[in-house]
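We count ligands from 1, going down the list as the structure has it; atoms in each ligand are counted the same way.
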Amino acid sequence: MTALLQITDLTIDIDRDEGAARVVDGITLSVAQGESLGIVGESGCGKSLTMLSLVGLLPNRIRATSGAAVFAGRDLLQMSAKELRGVRGSEIGFIFQDPMTSLNPVMTIGDQIAEALIYQKGITKAAALARAEELLAMVGIPSPKERMTAHPHELSGGMRQRVMIAMGLAGGPKLLIADEPTTALDVTIQAQILDLVRELKSQSDMSVVWITHDLALIAGLADRIAVLYAGTVVEDAPVEAIFDRPTHPYTRGLLASLPTLSDQPMSRLASIGGTPPEPGRRPPGCPFAPRCGVAIDACVQSVPRLTAVQGSDPRHRVACFVTAGVVQ
Ligand SMILES: Nc1ncnc2c1ncn2[C@@H]1O[C@H](COP(=O)(O)OP(=O)(O)OP(=O)(O)O)[C@@H](O)[C@H]1O
Ligand SMILES: [Mg+2]
């Protein structure tokens with residue numbers, strides 16, 4: 001199956017006065033058409049930067065320095081700013097981490113969605129407003145007609161997040177990238193928003209990349225999970241394999257810290273002591289080795305590559321010298 005998105009050996013560097021610091025270090029990831037990929041990992045591991053690099057929205061002084069990100073046959077990293085503007089919204093929809101920083105406070109909800117549609121689709125203002133109202137209804141906003149003329153601060157956090165989802169979906173994207181869109185919301189609303197995305201996905205063959213800290217949350221939406229640590233993928237597997245046979249010690253630590261799984265083997269890693277390395281200060285071998293309870297000499301000498309996990313699903317891969325070859 002050809003991937004809709006294939007990221008290969010992506011590196012991202014932060015340009016600092018004292019020199020470049022590598023923050024994403026050779027990420028390879030793919031997303032098939034219609035597939036949902038969950039990306040998990042601790043704060044600072046490079047989840048947002050990886051996704052922002054795809055659509056040309058990296059902050060100042062942060063650049064993708066090598067690798068490729070082929071989307072529907074074209075390398076996003078080679079596109080001009082103008083070409084990327086054409087892809088953003090219409091082919092790749094984005095839902096950002098914080099709705100208050102991405103919604104315009106002085107514009108009505110209806111006008112914001114309509115403006116994006118007019119830009120992306122070149123349709124008339126009347127058609128765009130009608131479509132905006134349909135989108136608000138689709139994402140479960142009650143009385144959408146009245147809400148069209150509301151400003152963002154007049155809506156609850158959950159409703160604003162739905163507006164963000166409506167904007168992410170407005171262009172009918174082939175790929176929706178959601179960057180922790182529910183972190184600030186209470187659990188009931190989080191669950192509702194996940195249900196909504198699942199339902200919308202079942203009605204189209206849209207692919208979804210959902211970034212989160214929360215493995216339990218993503219379990220119900222993702223087909224596959226990629227676990228990131230310090231700018232690298234340490235494990236990539238179908239969601240069942242991640243839960244049934246978590247293999248990387250870091251993944252096991254993440255799972256063991258979920259309350260319902262506290263009786264897992266290796267739960268001594270539950271709290272995962274220590275902190276990830278700062279960008280530019282990665283140790284020479286496996287980046288997790290300094291925090292790992294099972295590291296051997298090889299782990300501090302060289303970097304493990306992603307390899308198939310013996311005895312698991314053929315798509316289950318892990319970057320670990322110790323656990324990859326152990327049939328569990
Ligand atoms: N604008 C910036 N300027 C300088 N450094 C940055 C900037 N944005 C991110 N970084 C650095 O890059 C690292 C990765 O950032 P990124 O935002 O991708 O992390 P993340 O995995 O999305 O974390 P979180 O879960 O907290 O959103 C951060 O730890 C930080 O050191
Ligand atoms: Mg982030």
Quiz item: How about H248 and Y229: are their ring centroids closer than 6.0 Å?
Solution: no
Quiz prompt | Of the listed options S53, S48, G44, S43, closest to atom 26 (O) of ligand 1 (non-hydrogen atoms) | solution = S43
Exercise. Measure the distance from atom 27 (O) of ligand 1 to every protein heavy atom, then report the residue, atom name and distance (to 0.1 Å) of the closest one.
Key: Q97 NE2, 3.0 Å
Quiz item: Can any side-chain N or O of R61 pair as donor or acceptor with the backbone N or O of D15 at less than 3.5 Å?
Solution: yes
Exercise. Assess the side chains of T108 and T149: does a donor N or O sit below 3.5 Å from an acceptor N or O?
Key: no
Quiz item: What is the nearest protein non-hydrogen atom to atom 18 (O) of ligand 1, stated with its residue, atom name and distance?
Solution: L49 N, 2.9 Å
Quiz item: Touching ligand 1 at all, G41? Heavy atoms, strictly under 4.0 Å?
Solution: no
Practice problem: Around atom 25 (O) of ligand 1, find the nearest protein heavy atom and jot down its residue, atom name and distance. | Solution: K47 NZ, 2.7 Å
Exercise. For E83 and S80, indicate whether the former's side chain and the latter's backbone hold a donor-acceptor pair under 3.5 Å.
Key: yes
Quiz item: Taking only heavy atoms of P59, which atoms of ligand 1 are found under 4.0 Å from at least one of them?
Solution: 1 (N)
Practice problem: Starting from atom 30 (C) of ligand 1, find the nearest protein heavy-atom neighbour and note its residue, name and distance. | Solution: P279 CG, 4.5 Å
Quiz item: With a 3.5 Å cut-off and no angle check, do the side chains of Q33 and D205 form a donor-acceptor pair?
Solution: yes
Quiz prompt | Sub-3.5 Å N/O-N/O distance, I14 and ligand 1 | solution = no
Quiz item: Any idea which atoms of ligand 1 are less than 4.0 Å away from a heavy-atom of H213?
Solution: 25 (O)
Exercise. Name the closest protein heavy atom to atom 7 (C) of ligand 1, giving the residue it belongs to and the distance to 0.1 Å.
Key: I62 CD1, 3.5 Å
Quiz item: R16 to ligand 1: N or O pair under 3.5 Å?
Solution: no
Practice problem: Mark the output for E180 as yes if a heavy-atom distance to ligand 1 is under 4.0 Å, and as no if none is. | Solution: yes
Quiz item: Quick check: does S43 have an N/O/S atom under 2.8 Å of the Mg ion (ligand 2)?
Solution: no
Exercise. For T232 and D25, test the side chains for any donor-to-acceptor distance below 3.5 angstrom and give the result as yes or no.
Key: no
Quiz item: Going by distance alone, is a donor N or O of one side chain under 3.5 Å from an acceptor N or O of the other, for E235 and Y250?
Solution: no
Quiz prompt | Side-chain H-bond candidate by donor/acceptor type, T11 with S66, under 3.5 Å | solution = yes
Practice problem: Would you check if there is a donor-acceptor pair between the side chains of H213 and E180 at a distance under 3.5 Å? | Solution: yes
Self-check item: Nearest-option assignment for atom 13 (C) of ligand 1, heavy atoms, candidates V23, T50, L58
Solution: V23
